[in-house]
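Down below is the structure, laid out as structure tokens.
Below, chain A is the first sequence line, B the second, and so on; all start at residue 1.
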Amino acid sequence: MLHCDAFPAWRCALPGSGSMFEVVIDGDVYRMSDIDRLNFDTSKIGKVRELAGRGVTVYPYRFDRTHTIEEIRERFAHAGHEKCEESVTTAGRIYIVRHHGKTIFADMGDCSGRIQLYLRQNDLGPERFDLFRQYIDSGDIIGVEGHVFRTKKGELTVWVDDFTLLSKSVCPMPEKFHGLKDVETRYRQRYLDLMVNEESRETFLTRSRIISCIRSFLLERGYLEFETPTLQPIYGGANARPFTTYHNFLEQKLYLRIAPELYLKRLIVGGFEKVFEISKNFRNEDIDTNHNPEFSMVEIYEVYRDYSDMMDLTEDLISCLVAEIQNTCEIVFESTMLNFERPWRRMSMEDAVREYAGIDMQEHSLDGLAEIARQHAVEGCEHASTRGEYLALFFEHFAEKNLIQPTFVYDFPIENSPLAKKHREKEGFTERFELFIYGMEMANGFSELNDPLDQKARLELQDRKRRAGDVEAQMIDYDFINALGYGMPPTGGVGIGIDRLVMLLTNHSSIKEVILFPQMKVAAPDDPPKHTER
RNA sequence: GGGCCUGUAGCUUAGCUGGCAGAGCGACGGACUCUUAAUCCGUAGGCCAGGGGUUCAAAUCCCUUCAGGCCCGCCA
């Protein structure tokens with residue numbers, strides 16, 4: 001073990017060999033690997049020690065401010081070169097410090113914005129001034145008291161009479177001009193991204209506003225917000241592979257929900273009439289620009305409504321969002337203009353296939369459809385055996401990517417819609433719709449299946465598929481079928497993907513840009529190289 | 001799962017037809033009382049993502065592992 005007790009402690013050389021050893025700084029033990037992992041700056045740790053030695057509370061407990069930075073900018077917008085009489089107290093993180101001998105300029109930022117600070121030795125006195133000069137670095141959080149004025153160059157500035165260290169940063173800040181660009185670091189250390197990249201902070205601010213906008217839209221219209229289990233003994237409500245976990249004391253396997261659907265419908269059975277949940281769902285699938293293993297949805301159910309009502313509601317909700325967030329009904333996504341002016345286009349799946357594939361489903365036999373699928377190398381067609389399956393495959397293959405402007409596609413084949421009610425007129429179809437924007441599926445809704453016998457049969461079919469190896473087919477939830485057995489009113493339901501909505505409204509083509517902490521593979525720093533033979 | 005690309009100092013990066021690893025910012029020391037990516041002088045900081053190979057010589061060429069990005073397939 002290596003002891004570095006000499007003062008100042010941080011000046012002790014930290015030997016650069018790769019072997020494991022420990023460094024003691026003022027009695028605190030740092031393993032070398034910790035220092036590697038911690039990214040602490042030894043000179044800053046030294047400053048913390050010295051400040052404490054001078055009786056400075058480096059991490060005090062509270063601070064009162066009279067103004068946020070935004071409030072200062074508003075209130076003193078017309079400030080001139082003379083100091084304003086009214087004093088202000090504000091706080092924030094130091095981003096840049098410019099030393100000029102006996103004056104210092106610094107840029108400080110809080111959640112609402114940034115502002116320049118001006119400090120002079122004449123005002124603070126040599127001791128306080130020196131404390132700032134020596135110990136306050138970019139990254140530190142300080143509180144300042146002073147008077148607002150405008151510099152000769154016109155910059156609104158707080159002329160600092162006194163300052164308080166509120167939190168000392170011991171890690172190096174990202175570069176002040178270029179900031180933090182490395183995508184991986186931005187995702188893994190989102191706090192740094194938020195700290196220095198204004199656009200990123202803006203994106204997540206918008207995300208927060210979108211969610212609160214969805215919530216208030218629904219609450220205002222009398223929908224009740226509920227929370228249903230994330231840990232479920234039987235998963236359902238969607239076709240997807242679940243995450244599994246285990247409860248030690250129940251001694252029972254549990255699944256992370258893939259959808260809240262079956263529980264929300266139980267609430268409808270129980271007598272709540274308009275319900276919604278904003279939930280995280282978990283699907284054990286690949287990660288890419290459109291998929292994160294956990295993602296956010298809002299699911300909405302309302303009694304005595306059918307799928308066409310739910311299309312109206314979806315259109316209403318999303319146009320309201322666009323108007324609220326963007327102040328217009330047009331948004332630019334990846335340099336394409338998306339027009340949310342109502343009414344949005346609505347077309348049946350068969351019409352979509354007719355329009356985009358030039359295939360009229362009615363004109364072809366089952367064998368004919370199979371032949372067309374083979375000719376066009378439609379993905380998954382080798383597993384198709386019914387007209388409905390071909391319709392769904394043709395839609396995905398030919399039509400989906402062309403649905404750029406907001407478009408509802410309705411009347412889905414019954415095969416892939418085990419929770420949707422049979423179509424009131426069309427044999428072999430369900431009353432189901434999906435909303436597509438920029439080729440992305442944004443919402444999925446239906447007239448909810450409330451016939452318990454039909455539901456039982458459909459889930460049994462799913463279960464047979466699952467047992468035959470379809471990893472995404474659903475389990476049978478007998479309690480859910482029982483709930484329907486007690487009688488569920490005719491109900492319309494819809495689920496809207498929040499992450500994709502945020503992508504659209506913030507013009508990001510990767511879901512990781514709109515999820516604060518996207519799932520990343522954990523690096524295993526101490527793993528020895530696996531295939532080194534010596 | 002398949003294809004393409006990326007990984008060099010804390011951050012942003014140059015070097016990639018093999019020949020001493022460079023810069024800016026940041027850090028540290030110094031000068032500077034209206035700067036704002038301040039400026040000026042000086043110092044330290046790199047197993048060039050990891051491992052293996054080819055070579056007199058590898059950041060550079062080859063193989064491989066890891067991590068990430070983009071596109072495609074499956075899913076919302």
Side-chain angles (χ1 to χ4, degrees), chain A residues 8 10-11 13-14 16-18 39-44 46-47 81 95-107 114-123 129 134 137-139 149-157 159 171-189 192 196 238-241 258-259 281-297 299 379-380 396 434-436 440-444 471-472 495-501 503 509-512 518 520-525 527-534:
Chain A
W10 77 94
R11 288 186 214 276
L14 301 175
S17 99
N39 202 25
F40 282 7
D41 182 322
T42 48
S43 81
K44 292 191 183 213
K47 288 183 184 181
H81 297 310
Y95 282 93
I96 301 175
V97 186
R98 295 179 289 279
H99 294 267
H100 291 267
K102 296 186 178 60
T103 62
I104 297 169
F105 285 93
D107 295 342
R114 292 197 187 187
I115 199 160
Q116 180 171 258
L117 306 178
Y118 179 51
L119 298 89
R120 299 198 323 168
Q121 194 186 55
N122 286 7
D123 305 318
F129 185 81
Q134 283 282 345
D137 303 311
S138 70
F149 78 112
R150 204 172 284 282
T151 62
K152 285 173 186 165
K153 300 276 173 63
E155 180 82 28
L156 198 69
T157 302
W159 193 313
C171 292
M173 286 282 278
E175 205 258 349
K176 65 186 174 190
F177 184 62
H178 299 93
L180 181 65
K181 287 213 171 72
D182 183 77
V183 176
E184 186 174 344
T185 311
R186 286 184 45 239
Y187 295 160
R188 288 189 191 273
Q189 294 178 271
L192 285 180
V196 300
N239 288 38
R241 302 171 71 169
I258 56 173
N281 298 337
F282 305 85
R283 300 192 184 174
N284 208 335
E285 288 155 0
D286 229 8
I287 297 174
D288 63 27
T289 43
N290 284 309
H291 300 87
N292 193 60
E294 57 180 297
F295 65 101
S296 300
M297 278 191 49
E299 281 207 10
E379 312 83 25
E396 286 162 19
E434 287 185 349
L435 170 65
F436 290 88
M440 288 192 292
E441 185 188 332
M442 302 298 300
N444 178 17
V471 290
E472 291 181 354
I496 302 171
I498 290 178
D499 308 284
R500 291 187 180 173
L501 215 45
M503 287 166 69
S509 44
S510 168
I511 200 168
K512 288 184 178 174
M520 302 288 273
K521 191 151 184 173
V522 175
D527 276 4
K530 276 171 195 154
H531 53 290
T532 1
E533 311 272 329
R534 285 179 193 248

* To do: May I ask you to say what A:Gly179 touches in the nucleic acid, namely base, sugar-phosphate or nothing, with a heavy-atom cut-off under 4.0 Å?
  => sugar-phosphate
* Asked: So, the side chain of A:Arg283 versus the backbone of A:Pro293: is there a donor-acceptor pair under 3.5 Å, distance only?
  -> no
* Asked: Which residue, A:His81 or A:Asp182, contacts RNA chain B at a nucleotide closer to its 5' end, judged by nearest heavy atom?
  -> A:Asp182
* With sugar-phosphate meaning primed atoms plus P, OP1 and OP2, does A:Glu472 contact a base, only sugar-phosphate, or nothing at under 4.0 Å between heavy atoms? -> sugar-phosphate
* Considering heavy-atom distances to RNA chain B, does A:Gln121 or A:His178 have its closest nucleotide positioned more toward the 5' end? -> A:His178
* **Proximal nucleotide (of B:U33, B:C34, B:U36) relative to the A:Phe105 side chain** => B:C34
* To do: Please check the phosphate of B:G69 (OP1 and OP2 only) for any side-chain N or O of A:Lys512 closer than 4.0 Å.
  => yes
* Asked: When you look at CZ of A:Arg241, are more than 12 heavy atoms from neighbouring residues, nucleotides or ligands closer to it than 6.0 Å?
  -> no
* Structure fact -> Taken to the nearest whole Å, NE2/A:His99 to C1'/B:G26 is 12 Å
* Asked: Under 4.0 Å between a Lys/Arg side-chain N and an Asp/Glu carboxylate O for A:Lys176 and A:Asp107?
  -> no
* Structure fact -> Regarding the side chain of A:Gln134, the nearest nucleotide among B:C28, B:G29, B:C11 is B:G29
* Nucleotide of B:A27, B:C32, B:G26 approaching A:Lys176 most closely (side-chain heavy atoms) -> B:G26
* Asked: What does A:Ser510 touch in the nucleic acid at a heavy-atom separation under 4.0 angstrom: a base, only the sugar-phosphate, or nothing?
  -> sugar-phosphate
* Asked: Rounded to whole angstroms, how far apart are CD on A:Glu184 and P on B:G69?
  -> 7 Å
* Side-chain N or O of A:Thr151 less than 4.0 angstrom from OP1 or OP2 on B:U36? -> no
* Round to a whole Å and report the spacing from CZ of A:Arg188 to P of B:G10. => 17 Å
* Asked: When only distance counts, do a donor and an acceptor, one from the side chain of A:Asp286 and one from the base of B:G73, lie under 3.5 Å apart?
  -> yes
* To do: Would you indicate what A:Ile104 reaches in the nucleic acid, counting non-hydrogen atoms under 4.0 angstrom: base, sugar-phosphate, or nothing?
  => nothing
* Structure fact -> Among B:C25, B:U35, B:U33, the one nearest any side-chain atom of A:Glu175 is B:C25
* Figure out the CG/C1' separation between A:Leu180 and B:G26, and round it to whole Å. => 14 Å
* To do: Look at all strands and tell whether A:Met520 reaches a base, only sugar-phosphate, or nothing, counting heavy atoms closer than 4.0 Å.
  => sugar-phosphate
* Asked: Do A:Asp288 and B:C74 share a donor-acceptor pair, side chain to base, under 3.5 Å?
  -> yes
* **Side-chain donor or acceptor of A:Glu175 paired with backbone N/O of A:His178 under 3.5 Å** => yes
* Structure fact -> Whole-Å distance, A:Leu117 CG to B:A38 P, equals 14 Å
* Asked: Between A:Arg98 and B:U35, does any side-chain N or O lie under 4.0 Å from OP1 or OP2?
  -> no
* Roughly, in whole Å, what's the span from NZ in A:Lys102 to P in B:G30? -> 13 Å
* **side-chain N/O A:Lys181 vs B:U12 OP1/OP2, d < 4.0 Å** => no
* Remember a base hit wins even if backbone is also touched, and classify A:Phe129 as base, sugar-phosphate or nothing at under 4.0 Å, heavy atoms. => nothing
* To do: Select base, sugar-phosphate, or nothing to describe what A:Asn284 touches, counting heavy atoms under 4.0 Å on all strands.
  => nothing
* Asked: Could you state the CG-P distance from A:Asp137 to B:C25, rounded to the nearest angstrom?
  -> 17 Å
* Just by distance, do the side chain of A:His99 and the backbone of A:Ile104 share a donor-acceptor pair under 3.5 Å? -> no
* **Proximity of A:Tyr118 and A:Phe149 rings by center, below 6.0 Å** => yes
* Asked: Going from CG on A:Asn290 to CE on A:Met440, what distance comes out if it is rounded to the nearest 0.5 angstrom?
  -> 6.0 Å
* Would you say a side-chain N or O of A:Lys521 is under 4.0 Å from OP1 or OP2 of B:A67? -> yes
* Donor-acceptor contact present, side-chain A:Asn292 to main-chain A:Phe295, <3.5 Å -> no
* Structure fact -> Mate of B:A44 across any strand shown (Watson-Crick or G-U wobble, both atom pairs under 3.5 Å) is none
* Do A:Asn122 side-chain and B:U33 base share a donor-acceptor contact under 3.5 Å? -> yes
* To the side chain of A:Thr289, which of B:U33, B:C70, B:U35 is closest? -> B:C70
* To do: Would you check if the side chain of A:Asp499 reaches a backbone N or O of A:Ser296 as a donor-acceptor pair within less than 3.5 Å?
  => yes
* Asked: Do A:Thr157 side-chain atoms and A:Glu155 backbone N/O form a donor-acceptor pair below 3.5 Å?
  -> yes
* To do: Rounded to whole angstrom, note down the C1' distance from B:C72 over to B:C62.
  => 28 Å
* Structure fact -> Of the listed B:C34, B:U35, B:A38, the closest approach to the A:Ile96 side chain comes from B:A38
* To do: Please work out if A:Tyr187 contacts a base, only the sugar-phosphate, or nothing of the nucleic acid, heavy-atom cut-off 4.0 Å.
  => sugar-phosphate
* May I ask you to verify if any side-chain N or O of A:Ser138 is less than 4.0 angstrom from the OP1 or OP2 atom of B:G26? => no
* List the protein contact pattern of nucleotides 40-45 of chain B with one symbol per nucleotide (5' to 3'): B for base contact, S for sugar-phosphate-only contact, - for none; contact means a heavy-atom distance under 4.0 Å. => ------
* To do: Kindly indicate whether the side chain of A:Glu155 and the base of B:U35 share any N or O donor-acceptor pair separated by less than 3.5 Å?
  => no
* Give the rounded distance in Å between these two atoms: CZ of A:Arg186 and P of B:U6. => 20 Å
